[in-house]
Amino acid sequence: MEAGGFAHSVDISASNHIENKLTGLAGGLVSDGVLSEEQATEATREASKLEISLVRYLVESLDVDSHELAELASREFGVPIFDTTAFDKASLPKNIVAPELMAKHHAIPLYRRGNRLFVAISDPTNLAALDEFKFATGISTDAVLVNEKALSQLLGELLEEQDSLDASIVDLGEDDEYDLTVNKGDRHQADHDVPSAAGDTPIVRFINKVLLDAVRQKASDIHFEPYEKEYRIRFRIDGILREVVNPPRNLTPRLSSRLKIMSQMDISERRIPQDGRIQIKLSKNRAIDFRVNTLPTMFGEKIVLRILDPTAAQMGIDALGYEKDQKALYIDALSKPQGMILVTGPTGSGKTVSLYAGLNTLNTPERNISTAEDPVEINMHGINQVPVNNKVGLNFAEALRSFLRQDPDVIMVGEIRDLETAEIGIKAAQTGHLVLSTLHTNSAAETLTRLMNMGVPAFNIASSVSLIIAQRLARRLCKRCSVPETEVSTEALLGLGFTEKMLETATIKRAVGCSACKDGFMGRVGIYEVVKITKELANLIMNGGNSSELSLQARLDGFNDLRTSALYKAAAGLVSLEEINRVTTD
C-alpha cells in the first residue's frame, strides 16, 4: 500500500466513529471499549505534548496491550501486521537511513524490494516517518505495521549497536579546532539539498576531521579502504601513500554512506562505481573541492577523494620549478597565436597544474578560452569550462567541434585519447588557434611517436606541434633539516649521470627529518623535459624517426631530458639522490 493510502483510511475511520468525536485509532479504541472517550482524549493530548505517537504513549504510559493495539490498528486502517519474531535482524538494510532518523520517528527500514523501501511502524498515522525516509533515501516508501513492543525492542537493539560503534571511534582522536562547512551539493546542484539526516554524529565529525587533516597536511588524495579484517585510511602526501588511521572494520557501511551522501551519490547503489564531488568551506574566502570515486570491492566500497585546491590554478609558471631556459620556451609557445602545446607524463605528475598555469597566463579579457575536461577539476573565472559527458555523446572530439564554431582563441583539451580528437586538435592548431592538451607518455620523443601510432600523418605533427613538456613531480627536501650528502663518492655521482662541470658548483643534500616535515621532505617540485619542435626535429618526424632518434636529436638541439633536469635539481640541493632515482631512469 502506498504511504498516501493511510490518509484515505483516516477519513473513512473518521466517518465511522464520528459519534465518538474522536477519529482514527483513538476513535477505534473508544468504540471497542479499550478506553473511555475521556481517556482517549487525554492520551491523545499527552502524546502530542511528548511528541510521540499515540500507540507508543498507550503502551509505555498506560500499559495498553501492544498486541491488542496492533490488531485494532490493522482493522482500522486495513494494514496487515508483520511478525518480527520470524525476521532475521541481520537482513535489515544497512545504513540506508541514519540512526538519528530512526530514533526520531520510531521507525525502522525493514526490507527493500526493487525501488520500494518497506518501513516498520507501530502507528499507521505516522506519515512523517514515511516522508522523511523517502526524502533521505530517494526511494519510495511503504508502511509495514509492527507490534509496538517488538518495534521498540528491535529499535533499541539497533541503536545500542550504533552507540557502541560511535564510542569506538572516539578513541581515534577528536579535534576541537575543526571548523568547516560542507556545501549542500556541488556548483551544478546548488538548488538541491543534500539528503542527510545524520546531524553532528561521531561519524560526521570523524569524516570532517579526516578531510580537514588531509587539507592541513597538503595531501593530494584520500583513500578509504575496506578489507576483510580491517579498514584503513591513507593520505597521499608528496606522492607517497601514508596510513593515517584504522577505524573499526564494522564502520565500513556508515563511512561509505556518509561520503556518498556528501558527494550526492546514490547511497543504495553499491554494485557499480560512482563519481561525485564534495566542496567544503574552510573560511569565508577559501573552499576546497574533492573529486570522489567509489569502487565496489570484495569487502565494501573503496572510496578515493582527489583534493582539488583552487589556489593551484592561480600558481604562476615561476612557482612550478622550470629552469630558466625551460620557462622561456613555455612562455614563448604560449605567446604564439597558434600551435599545439602538449604536456605529458603519468597520472599524478602535475600535468593539469602545468596547463592551468599556462591558461592563467593567457586568461585576459581579450581572449576567448574554452576547455574540455574529464572532469572539470578547478573552476577558473573567465574561462569556458566544459565537462565531457560520454553518456550523452559529449566527448572530447564533439566538444572540440563545438569550440571551433564559437570563435575561440585558445582551446584546452583534457586529454588526447584517440585519432579523432588528435586530428581535430591539430586542425585547430593549424588554423589560427592555440591548443593545449595532455597525453599519457613517458617522454617528449614518445609523445611524437604516440601521435604517429594513432594514425596522425607525420606532416601534420611536424607543422602543428610547437612544444612538448614531459614532467614528473619529486619530493622537495626540507630546508630546515636537510644536510650535505657526504657518503657518496665523486665516481658514484659521475655514474649517476652528473658531469664534472655540474659537480664543481653542486650542493647535493640528503633527507633527515624534523618536526616540520615528513621524513625530511616538504612539498614537491617539478622536473621537466621541455622540447621545442625545431627544423631538425620536424625533418626527422617527416622521415618517420623513432623515439630513440627523436630523443637523440632533442639532446643535440640542446634540450635536457628528464634525468638531466633531475640531476640539476639535485645539484641545487632541492631533491635527494634517492628521489631522482625514484622518479627518473638513467
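- Of the charged side-chain nitrogens involved, none lies within less than 4.0 Å of a carboxylate oxygen, so that Lys569 and Glu579 do not count as a salt-bridged pair.
- Using modelled atom types, no side-chain atom of Ser551 and backbone atom of Ser547 make a donor-acceptor pair closer than 3.5 Å.
- A distance-only check finds no donor-acceptor pair linking the side chain of Glu230 to the backbone of Asn246 [under 3.5 Å].
- Listed for the Gln326 side chain is a donor-acceptor partner under 3.5 Å among the backbone atoms of Tyr528.
- Between Leu211 and Ile288, the closest side-chain pair of non-hydrogen atoms is not below 4.5 Å.
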Before giving the answer on side-chain contact (heavy atoms from CB on, under 4.5 Å), spell out for Asn208 and Met262 the whole-Å C-alpha distance, their side-chain angles and the decisive distance to 0.1 Å.
CA-CA 11 Å; Asn208 288 354; Met262 295 170 71; 4.2 Å; yes
Go through Tyr231 and Phe299 one step at a time and tell me if the side-chain contact (heavy atoms from CB on, under 4.5 Å) criterion holds.
CA-CA 10 Å; Tyr231 192 101; Phe299 305 106; over 6 Å; no
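- In this structure, the separation between CG on Leu241 and NE2 on His223 is 4.5 Å, given to the nearest 0.5 Å.
- Distance CD1/Ile580 to OG1/Thr564: 10.0 Å, rounded to 0.5 Å.
- Of the candidates Thr371, Leu355, Asp374, Leu400, Val413 forms a side-chain contact (heavy atoms from CB on, under 4.5 Å) with just one, namely Leu400.
- A pairwise comparison of heavy atoms in Ile527 and Ala474 identifies CD1-CB, 3.6 Å as the closest pair.
- Taking a 6.0 Å sphere around NZ of Lys302, one finds it holds more than 12 heavy atoms contributed by other residues, nucleotides or ligands.
- Contact check on Asp142 versus Arg116 returns a salt bridge, with a Lys/Arg side-chain nitrogen under 4.0 Å from an Asp/Glu carboxylate oxygen.
- Classification of the Phe82-Tyr111 ring pair by plane angle, with boundaries at 30° and 60°, yields tilted.
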Any chance you could lay out the side-chain contact (heavy atoms from CB on, under 4.5 Å) test for Asn293 and Asp275, step after step, and finish with the verdict?
CA-CA 5 Å; Asn293 176 264; Asp275 291 295; 2.8 Å; yes
Output, in order, the C-alpha distance, side-chain angles, deciding distance and verdict of side-chain contact (heavy atoms from CB on, under 4.5 Å) for Arg242 and Gln217.
CA-CA 11 Å; Arg242 303 172 186 274; Gln217 296 182 41; over 6 Å; no
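- No donor-acceptor distance shorter than 3.5 angstrom exists from the side chain of Glu225 to the backbone of Arg234, with no hydrogens or angles considered.
- Between the side chain of Ser257 and the backbone N or O of Ile267 there is no donor-acceptor pair closer than 3.5 Å.
- Tyr330 and Tyr322 have tilted rings, their planes meeting at an angle from 30° to 60° on a 0 to 90° scale.
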